[in-house]
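By convention in this document, chain letters (A, B, ...) are assigned in the order of the sequence lines, proteins followed by strands, and residues within each chain are numbered from 1.
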Amino acid sequence: MDKKVRVRIAPSPTGAIHVGLARSALYNYLFACSHGGTFVLRIEDTDVQRSTEESAQAIIKGLGWLGITFDEGPYYQSQRLDIYRKHADQLLQSGHAYRCYCTPERLEAERKKADAQRRAWRYDRRCLNLPEEERKKFEAEGIKPAIRFLVPEGSTSFTDLIHGSITREHKDIDDFVIVRSNGIPTYNFAVVADDHLMEISHVLRAVEHISNTTKQILLYNAFGWEIPAFAHLPLILGEDRKKLSKRHGAMSLAEFRRMGYLPDAMVNFLALLGWSPGGDREIISRQELVKLFSLERINTSNAIFDMQKLAWMNGEYLRTMDLPKLLEVFQEWLRFQEIELPAQYSSKDFLSKVLPLIAERSRTLAEVYDALLPYVCDDLTYDEEGLNKHFRKDPAAVKRWLLLYRERLEKLHEFNKETAEGVLRELVEELGIKAGEIIHPVRIAVTGRTVGPPLFDCLELLGRERVLERLKNLPV
RNA sequence: GGCCCCAUCGUCUAAUGGUCAGGACAUCACUCUUUCAAGGUGAAGAUACGGGUUCGAUUCCCGUUGGGGCUACCA
């Protein structure tokens with residue numbers, strides 16, 4: 001048996017949780033589950049400017065919505081500052097790090113200059129070996145130093161579980177800051193301390209961190225710590241082929257939830273974005289994902305998020321969902337959206353009849369809701385194109401037919417879809433017209449739409465009273 | 001600019017040193033049908049380019065091109 005698997009997701013709480021983070025979380029979660037390992041959540045809130053507790057909560061809530069649960073945490077880096085401080089001191093002592101009094105302004109100017117000359121900027125180590133009197137002078141001026149890591153000569157290689165061997169020359173890395181002048185550690189430093197202290201065995205994270213990995217390994221070596229296994233996941237790109245960011249607002253988990261996507265479908269879709277079980281499988285349950293998931297089958301190349309396919313997959317889940325579950329997720333979605341149905345139409349009984357007919361032809365819960373509208377709201381809006389097509393060619397005739405049909409419905413001793421269809425068929429026969437010629441106008445008259453469940457189901461759902469009312473108040 | 005990563009239909013992907021390069025979404029057509037959706041059938045659609053290695057490369061190697069990431073006292 002392999003050694004204890006401990007993985008983590010380490011998001012920075014600086015905004016909405018987007019699908020990239022969700023996918024990383026999912027892969028970590030699947031990996032942990034399939035190895036009987038532990039999944040840790042650590043909030044990397046060392047950027048005090050941008051981090052918010054609100055965002056941290058959104059991340060936790062978003063993952064919870066997807067059913068991605070963690071075994072440990074959340075840990076907050078902002079609450080572990082003394083730990084980093086202690087370890088930074090250790091590196092200062094051992095000569096692996098040094099204090100730097102350079103002002104951000106000066107560094108920025110240097111960087112600009114180098115850029116203008118199309119030179120690669122690297123910190124010039126001005127503060128390495130700073131004479132004691134100069135140091136004293138800076139201190140006297142009240143300048144708080146940052147702490148930089150002294151990058152040694154040479155090169156570093158590591159084996160990425162997905163990409164294989166990766167090598168980087170140290171000369172391409174400058175002496176990066178590990179502790180800011182305000183005493184708060186930077187990402188590359190805190191991540192190493194925590195991954196070590198939390199005994200993380202496998203670091204599965206997005207490929208954007210692949211070049212940070214060298215810096216981190218340098219840190220592990222300076223401490224003499226064991227290096228975890230690394231696996232860098234391909235990125236999920238927006239439709240503009242760029243890394244997901246605030247610009248891609250609609251890519252946040254909350255947004256997908258609002259649009260009526262189902263957690264199961266999201267998980268299924270995300271799992272397949274960058275990983276494949278091999279073969280032709282598309283619809284895969286959580287349980288199967290846990291069983292099938294393996295690092296070896298993660299792809300190397302970035303993927304573009306395909307909304308169309310997600311919508312299709314969501315529809316698949318919606319369609320195959322059993323009634324109690326459908327009822328549950330729809331009502332939950334209504335609560336999430338803070339939508340309240342009129343009391344007489346919010347009963348389980350009524351929804352149980354109408355929802356299956358609607359869900360069958362919807363792809364999202366938002367679509368379900370939209371299609372439900374004619375049944376729960378008497379303020380109809382009529383489809384203009386439909387009116388043109390089915391009403392306005394011969395309004396007088398259509399109107400006459402509908403009123404005739406209305407009369408027959410009114411006289412029915414029992415009103416249901418069979419009897420409603422029966423009298424319509426009779427009427428059609430008598431009038432010598434095609435069934436479609438009256439079915440379509442009736443649908444529009446009673447639902448406002450050209451599309452929907454089979455007409456006689458609609459009539460039964462609406463009930464005689466509303467049908468008669470709507471057949472009287474014709475739209476033209 | 002420098003460094004790193006990547007490269008199969010429009011998109012997600014399968015495959016392998018020898019396949020008619022397979023599937024899914026999307027698209028189009030037909031079919032089913034009172035509409036829509038779903039279903040069924042079919043069509044179109046890819047190994048970026050150039051060199052090697054090899055009897056044979058989509059697959060292995062090199063280069064080019066393209067894309068992406070990093071290059072912060074962001075993560």
Classify every nucleotide of nucleotides 44-50 of chain B by which part a protein heavy atom approaches to under 4.0 Å, writing B for the base, S for the sugar-phosphate alone and - for neither, in 5'-to-3' order. -------

Return each pair, listed once, that meets salt bridge (Lys or Arg N to Asp or Glu O under 4.0 Å) where at least one residue sits in residues 82-92 of chain A; pairs must be two or more places apart or across chains. none

When you compare the protein's N or O atoms with those of nucleotides 66-68 of chain B, which come within less than 3.5 Å of each other, and at what distance?
from, atom 1, to, atom 2, distance (Å)
B:G68, OP1, A:Lys242, NZ, 2.6
B:G68, O2', A:Asn302, ND2, 3.1

When you measure from every atom of RNA chain B, which of residues 415-432 of chain A have a heavy atom less than 4.0 Å away? none

Quick one: list whatever passes salt bridge (charged side-chain N to carboxylate O under 4.0 Å, His left out) with A:Arg449, sequence neighbours left out. A:Asp370

Can you sort out the partners of A:Glu384 under salt bridge (charged side-chain N to carboxylate O under 4.0 Å, His left out), two or more places apart, ordered by chain and number? A:Arg392

Check every atom of B:A75, B:C5, B:U34 against the side chain of A:Ile439 and return the nucleotide holding the closest atom. B:U34

Sequence-distant partners of A:Phe330, ring pair (Phe, Tyr, Trp, His ring centres under 6.0 Å), two or more places apart: none

Residues in residues 208-215 of chain A with a heavy atom under 4.0 Å of RNA chain B, by number, are A:Glu208, A:His209, A:Ile210, A:Ser211, A:Asn212

The salt bridge (charged side-chain N to carboxylate O under 4.0 Å, His left out) partners of A:Glu139 (sequence neighbours excluded) come to A:Arg135

Using a 4.0 Å heavy-atom cut-off, write out nucleotides 26-32 of chain B from 5' to 3' as B (base contacted by protein), S (sugar-phosphate only) or - (no contact). S------

Could you work out, with salt bridge (charged side-chain N to carboxylate O under 4.0 Å, His left out) as the rule, every residue matching A:Asp47, not counting sequence neighbours? A:Arg50

Tell me, which of residues 445-457 of chain A have any heavy atom that sits under 4.0 Å from an atom in RNA chain B? A:Thr450, A:Val451, A:Gly452, A:Pro453, A:Pro454, A:Leu455, A:Phe456

